[in-house]
2 protein chains.
Amino acid sequence: MSGYGQFCPVAVACEVFAQRWTPLILREIFAGSRHFNEIHRGLPQISRTLLATRLRQLEDAGVVMAGPAVSGGTHEYRLTEAGEEFRPVVEGLGAWGQRWTVRVDTNNLDAGFLMWNLQRRIAVDELPAQHLLVEFRFRGLPERHRGAHIFWLVLSRPDVELCLKDPGTDVDLLVDADLRAFAQFWLGDRSLNEVVSDKSVHLVGRGEWVRAFPSWLLRSHFSAVPR
Amino acid sequence: MSGYGQFCPVAVACEVFAQRWTPLILREIFAGSRHFNEIHRGLPQISRTLLATRLRQLEDAGVVMAGPAVSGGTHEYRLTEAGEEFRPVVEGLGAWGQRWTVRVDTNNLDAGFLMWNLQRRIAVDELPAQHLLVEFRFRGLPERHRGAHIFWLVLSRPDVELCLKDPGTDVDLLVDADLRAFAQFWLGDRSLNEVVSDKSVHLVGRGEWVRAFPSWLLRSHFSAVPR
DNA sequence: CAGTATCCGATGCGATACTG
DNA sequence: CAGTATCGCATCGGATACTG
């Protein structure tokens, strides 16, 4: 039923790749996720049952390998050589989405998802030498996404940690932002100047931390794709 | 239900592209099909209902445009600029399939499908100056695919026509072939010498027509992708 | 030729509960 | 933490018949 009955190379590739959720699972692995729960964090709306099924299918197709980590005992997923060669396809899909779609609407605004991705896009080399605690407060969340709206980022070179609970220590930089505007900034659709000027985003803290912010926050992988 | 609830560019692109049959419909249009029945010939296993639905969805997403032909009155589908930019993604999928899968098995051996694609891959410039009638006879068809097994290709520069009924005139070249072996040759998995040597394929006709055959038959679009 | 309307059945998928 | 087993339903998609 999931087959196409054609020997065309596009058809056989689609039988592996073009299943529901599969391209996004690969996106997560390309982005650096290795463990089941890590992959699941990037795909909160997939059921664990279906995620397990898809990972098994990818394993059977020779796209990922599952097993104990090379160093250390935990179970992990790795890409095979064949899986690695899906990267240009996923990149191509992302580039297309960046160029041709309106990406932020009220159906997909999710602060937790944004922060999970953001935490993976920190330029560690650009961070200040000392420990930094950044608090993110989001306003304007749609009712349907009843997730958290306050997050803390603990930046301690070279470590980055995302917290959902107040770490308790002093906040060095507060990012107080309208969620939609911040997502548009994240995706490259609006500049930081723009969203700060119209007061959608407030950066509160010592001047040097405010100035450093756009240096270490890399934004979305696709933010540089031209429209 | 078909959405992913994420503003990630990969996710929004997948909502358009990664539906069942959609990449193959785009492949057909990229390959040159313009009319509904033409697209359907390249996808014999999709129902007309579903093909119409998918084309409508692609139209709504701004990927194809439907309307009367620019020159002439018939209805036709054309790619928009956005649709054209899916081409590298489809190419990438085809290249992956060519490199990493076994493509010919008994579940997808379909002589009619092969001939429909073959007829689009003729190097018209390489054809002999005069009219040529080529007959293809396939052996070893799996029982489940009860399609035709004899086809005629009418080559009359610059026109190429595929016939399912005997045109009646004299055959200049007979291609008598095991279907599986010929499909493997078509896909670039085996050379013509190889399949002729082991008698899977017989070319019968005047020497000059036999020698010209591999010049004007271009094989699959992906046949040159390295394994 | 180029589709649409309607019906119905298979299966994809989520929810819940459970295990090593 | 990293999944699996089971159940039930929603929806996706095929078959058939019909239209401009």
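Residue numbers start from 1 in every chain, and the chains themselves are labelled A, B, ... in the order their sequence lines are given, proteins ahead of strands. On a predicted model such as this, the values are computed, not experimentally measured, just so you know.
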- Identify the two heavy atoms, one from G94(B) and one from V10(A), that lie closest to each other, and give their separation to 0.1 Å.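 Minimum heavy-atom contact is CA-CG2, 3.7 Å.
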- Any idea which heavy atoms bring A183(A) and V104(A) closest together, and the distance?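 Closest heavy-atom pair between A183(A) and V104(A): CB-CG2, 4.1 Å.
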With respect to the side chain of [X], which nucleotide from [options] is positioned closest?
X: F36(A); options: dG14(D), dG3(C), dA2(D); result: dA2(D)
X: H75(B); options: dA2(D), dC13(C), dA2(C); result: dA2(C)
X: N37(A); options: dG14(C), dC1(D), dG14(D); result: dC1(D)

- Task: Compare side-chain N and O positions of R56(B) against OP1 and OP2 of dT4(C) and report whether any pair is under 4.0 Å apart.
- Result: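 Affirmative; the distance criterion is met.
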- Task: Kindly say if R54(A) contacts the phosphate of dC13(C), meaning a side-chain N or O under 4.0 Å from OP1 or OP2.
- Result: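 For R54(A), the contact criterion (side-chain N or O under 4.0 Å from OP1 or OP2 of dC13(C)) is met.
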- Plane angle bin for Y77(B) and H75(B) - parallel if under 30°, tilted between 30 and 60°, otherwise perpendicular: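 Taking Y77(B) first and then H75(B), their aromatic rings stand perpendicular (interplane angle over 60°).
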I need the [atom1]-[atom2] distance between [X] and [N], as an integer number of Å.
X: I46(A); N: dG14(C); atom1: CD1; atom2: P; value: 7 Å
X: Q57(B); N: dC12(D); atom1: CD; atom2: C1'; value: 11 Å
X: L51(B); N: dG13(D); atom1: CG; atom2: C1'; value: 13 Å
X: L43(A); N: dG14(C); atom1: CG; atom2: P; value: 12 Å
X: L50(B); N: dG3(C); atom1: CG; atom2: P; value: 14 Å
X: I25(A); N: dC13(C); atom1: CD1; atom2: C1'; value: 13 Å
X: Q19(A); N: dT11(C); atom1: CD; atom2: P; value: 14 Å
X: Y77(B); N: dC1(C); atom1: OH; atom2: P; value: 14 Å

- Message: Between R41(A) and S33(A), do the side chains contain a donor N or O and an acceptor N or O under 3.5 Å apart?
- Response: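 Checked: S33(A)/R41(A) side chains show no N/O donor-acceptor pair below 3.5 Å.
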- Do you see a donor-acceptor pair shorter than 3.5 Å between the side chains of E28(B) and H40(B)?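 Their side chains do not contain a donor-acceptor pair, so the 3.5 Å distance test is not met.
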- Does the gap between the ring centers of F30(B) and F86(B) come in under 6.0 Å?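 Not under 6.0 Å, so no.
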- Centre of Y4(A)'s six-membered ring, under 6.0 Å away, within 45 degrees of the axis: is that where NZ or CZ of R20(B) sits?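 The answer is yes; both the distance and angle limits are met.
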- So is R99(A) actually on top of F222(A)'s ring, under 6.0 Å and inside 45° of the axis?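 The answer is no; the distance or angle limit is not met.
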For nucleotides 5-8 of chain C, give me every protein contact, N/O to N/O, under 3.5 Å, one pair per line with atom names.
unit_1, atom_1, unit_2, atom_2, d
dA5(C), N6, T49(B), OG1, 3.2

- Query: Quick one: are W21(A) and Q45(A) in side-chain contact, heavy atoms under 4.5 Å?
  - Reply: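 SC-SC contact between W21(A) and Q45(A) confirmed.
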- Item | Pairing stems for DNA chain D [at least three consecutive pairs; Watson-Crick or G-U; under 3.5 angstrom] |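 Paired runs of 3+ in DNA chain D: C:1-20 with D:1-20.
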